[in-house]
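Report on the structure given below.
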Amino acid sequence: MVKAGATPTPVTYVSVLSACGKGGDLLLGVQVHKRVLESGVLPDLKVENALVDMYAECAEMDSARRLFDGMQVRNVVSWTSLVSGLARLGQVDHARELFDSMPERDTVSWTAMIDGYVQAARFREALEMFREMQYSNVRADEFTMVSVITACAQLGALEMGEWVRVYMSRQGIKLDVFVGNALIDMYSKCGSVERALGVFKEMHSRDKFTWTAIILGLAVNGHGEEAIDMFHRMIRVWEAPDEVTFIGVLTACTHAGLVDKGREFFRSMIHSYKIAPNVVHYGCMIDLLGRAGKITEALETIDQMPVTPNSTILGTLLAACRVHGNLDIGELVAKRLLELDPENSTVYILLSNMYAKSNRWEDVRRLRQSIMEKGIKKEPGCSLIEMNGMIHEFVAGDCSHPMSNKIYSKLENIITDLENVGYSPDITEVFVEVAEKEKQKIIYWHSEKLAISFALLSSEPNTVIRIVKNLRMCLDCHNAIKLISRLYGREVVVRDRTRFHHFRHGFCSCKDYW
DNA sequence: GTAGGGTTAG
């Protein structure tokens with residue numbers, strides 16, 4: 001346009017600056033900024049806003065702020081660009097200060113702030129912000145709901161998610177592709193495949209994200225075959241899968257124990273779909289082989305793959321060694337894992353567990369000693385559970401909950417009930433050097449046990465108990481919850497750090513592999 | 001024809 005000698009208008013500048021911001025092209029943005037100054041179109045609120053936003057999108061907050069401060073006239077858009085710019089840089093608290101000092105806030109500014117909390121993984125504050133938004137009588141729209149639903153997904157807050165859907169229909173907020181995709185993900189992360197499928201069916205238009213979300217949702221919740229069916233449907237409607245879709249497909253194969261199919265998908269991903277496998281794809285393959293007991297082949301795959309094995313990959317293999325009792329390779333993998341990640345407490349837990357199973361108590365003792373010497377601390381276990389619109393958090397052994405006394409005495413009753421049907425505590429994964437009795441206490445006070453005790457006290461009979469946990473489940477909790485599901489006739493869904501455990505009638509969907 | 005906010009893995 002410039003070469004052709006046409007004169008740009010304010011509209012031109014706004015459009016080009018927006019493109020620079022969205023494309024992250026700071027260099028071009030600065031050039032356009034120069035032309036704007038020479039052109040004499042300033043002052044112009046929209047052009048100045050476009051400049052502020054361009055700098056904010058390019059992470060140049062100082063420049064954005066300088067421009068903002070120099071503006072004669074500002075509006076809510078100018079402020080919002082700064083707020084979302086700061087939020088994008090991870091400076092949520094700073095963004096919040098600015099947000100609080102805004103003279104006026106509309107739907108977009110509230111949504112930017114809510115999403116800032118979501119991006120910073122501060123989901124409860126995101127929901128709190130949404131509540132405040134409603135008090136301020138600013139209407140929410142589809143954009144707002146996507147952020148709110150994402151927060152519910154991460155927290156496993158199904159009640160809140162259900163409330164959001166009612167709210168949406170009351171407010172006339174449409175189920176567009178973005179909202180639908182977020183809902184599918186939310187229901188999947190809450191362990192409710194039925195509801196995820198319900199949304200999927202209800203959606204009028206679907207995109208790559210829709211298909212990927214439902215494939216992943218089915219796969220992680222243990223419906224491997226259905227996930228693979230979905231993939232074939234996706235191909236039939238000519239939606240192109242991407243690298244994330246294949247994570248879902250490979251996860252599905254793992255869950256369904258379809259080793260050969262998994263290998264086939266891995267090959268076709270590379271050759272038919274021209275997608276280069278990354279470390280996560282290899283991780284899926286290691287999981288697939290490991291679960292099927294093909295430990296040697298898994299190790300060979302790691303040594304031959306063109307990407308550097310990370311601690312997740314090696315951890316996956318170590319978990320497989322534990323389940324299949326392959327101590328030789330287990331020791332080897334643990335050694336490599338500790339070279340990579342010396343503070344990784346999971347390694348010690350898995351390895352010690354394997355030694356204990358082989359009655360190598362001297363090795364168990366040696367391992368414990370080295371943990372003590374190195375001062376390695378296990379990340380505190382933490383479980384979330386939603387009850388009547390509130391999210392309750394339990395940390396192992398904590399007494400901060402208002403119902404704490406009741407929860408602990410209920411837990412004692414539960415343990416007695418369990419012992420009557422043959423339960424005995426499995427303390428092989430407790431690492432502190434204390435007396436046997438103390439170890440039992442530590443195990444009893446694991447966060448998921450506290451959460452379940454609270455749920456049995458507070459929820460309606462026969463309802464599903466849903467827990468979100470930050471770590472991998474320990475053997476003892478897994479055993480105990482299996483028994484609880486049978487004894488009290490309750491379905492329990494635990495979302496692990498990496499997978500789902502659906503406990504029903506004394507069995508777990510993971511078939512004791514995790 | 002023009003300025004700010006949204007979805008999938010780890």
Side-chain angles (χ1 to χ4, degrees), chain A residues 8-19 21-22 41 44-54 56-57 64 67-68 71 74-85 87-88 95 99 102 105-119 129 133 138 140-151 153 173 175-186 188-189 196 199 203 206-217 219-220 234 241-251 278-284 287 310-313 315-316 497-498:
Chain A
T9 67
V11 178
T12 322
Y13 289 123
V14 165
S15 307
V16 175
L17 286 167
S18 165
K22 294 200 165 69
V41 299
D44 180 307
L45 180 59
K46 285 185 182 175
V47 175
E48 289 169 274
N49 278 344
L51 280 164
V52 170
D53 189 61
M54 183 275 291
E57 290 240 42
L67 269 162
F68 176 89
M71 285 165 74
R74 295 183 272 261
N75 68 1
V76 63
V77 177
S78 340
W79 287 87
T80 305
S81 285
L82 287 187
V83 167
S84 57
R88 235 192 324 270
F99 179 85
M102 284 171 73
R105 297 168 202 88
D106 65 5
T107 302
V108 181
S109 13
W110 277 99
T111 305
M113 197 59 238
I114 292 171
D115 195 59
Y117 281 119
V118 171
Q119 297 310 321
M129 252 346 227
M133 178 180 182
V138 177
D141 66 6
E142 288 77 10
F143 285 74
T144 322
M145 298 332 290
V146 169
S147 295
V148 171
I149 294 164
T150 306
I173 299 172
L175 186 106
D176 70 12
V177 204
F178 284 89
V179 174
N181 294 348
L183 280 172
I184 291 176
D185 182 51
M186 187 267 290
S188 302
K189 286 197 164 71
V199 175
M203 289 169 72
R206 301 178 183 133
D207 63 7
K208 183 177 79 175
F209 291 84
T210 318
W211 291 99
T212 301
I214 197 73
I215 289 168
L216 272 161
V220 295
M234 177 182 187
D242 69 4
E243 67 275 17
V244 184
T245 316
F246 275 99
I247 303 285
V249 173
L250 295 174
T251 306
N278 64 32
V279 71
V280 185
H281 295 108
Y282 279 103
C284 290
D287 205 13
N310 57 20
S311 54
T312 311
I313 293 250
T316 304
R497 168 165 257 173
T498 50

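Note: hydrogens, waters and symmetry copies are ignored here, and every other heavy atom, side chains too, is used. First the proteins, then the strands, lettered A, B, ... as listed; each starts at 1.
Legend: residues meeting salt bridge (charged side-chain N to carboxylate O under 4.0 Å, His left out) with Arg206(A), ordered by chain and number and at least two apart, are absent. In this view, Glu48(A) satisfies the salt bridge (charged side-chain N to carboxylate O under 4.0 Å, His left out) rule with no residue, not counting sequence neighbours. Tyr282(A) meets the side chain to side chain donor-acceptor pair (under 3.5 Å) test with no other residue; sequence neighbours excluded. Listed by chain and number, the residues in a salt bridge (charged side-chain N to carboxylate O under 4.0 Å, His left out) with Asp242(A) are Lys208(A) (sequence neighbours excluded). Residues satisfying the salt bridge (charged side-chain N to carboxylate O under 4.0 Å, His left out) criterion with Asp287(A), sequence neighbours excluded, are absent altogether. Partners of Val279(A) under the side chain to side chain contact (heavy atoms under 4.5 Å, CB included) rule, at least two apart in sequence or in another chain, are Val307(A), Asn310(A), Ile313(A). Applying the side chain to side chain donor-acceptor pair (under 3.5 Å) criterion to Ser147(A), with sequence neighbours excluded, gives Asp115(A).
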Report, one pair per line, the protein and nucleotides 3-5 of chain B atoms (nitrogen or oxygen only) whose separation is under 3.5 Å.
unit_1 : atom_1 : unit_2    : atom_2 : d
dA3(B) : N1     : Asn75(A)  : ND2    : 2.8
dA3(B) : N3     : Asn49(A)  : ND2    : 2.6
dG4(B) : OP1    : Lys22(A)  : NZ     : 2.7
dG4(B) : N1     : Asp106(A) : OD2    : 2.8
dG4(B) : N2     : Thr80(A)  : OG1    : 2.9
dG4(B) : N2     : Asp106(A) : OD1    : 2.7
dG4(B) : N2     : Asp106(A) : OD2    : 3.0
dG4(B) : N3     : Thr80(A)  : OG1    : 3.4
dG5(B) : N1     : Asp141(A) : OD2    : 2.8
dG5(B) : N2     : Thr111(A) : OG1    : 3.0
dG5(B) : N2     : Asp141(A) : OD1    : 2.7
dG5(B) : N2     : Asp141(A) : OD2    : 2.9

Pick out the pairs of N or O atoms, protein on one side and nucleotides 8-10 of chain B on the other, that lie under 3.5 Å.
unit_1 : atom_1 : unit_2    : atom_2 : d
dA9(B) : OP1    : Lys189(A) : NZ     : 3.0

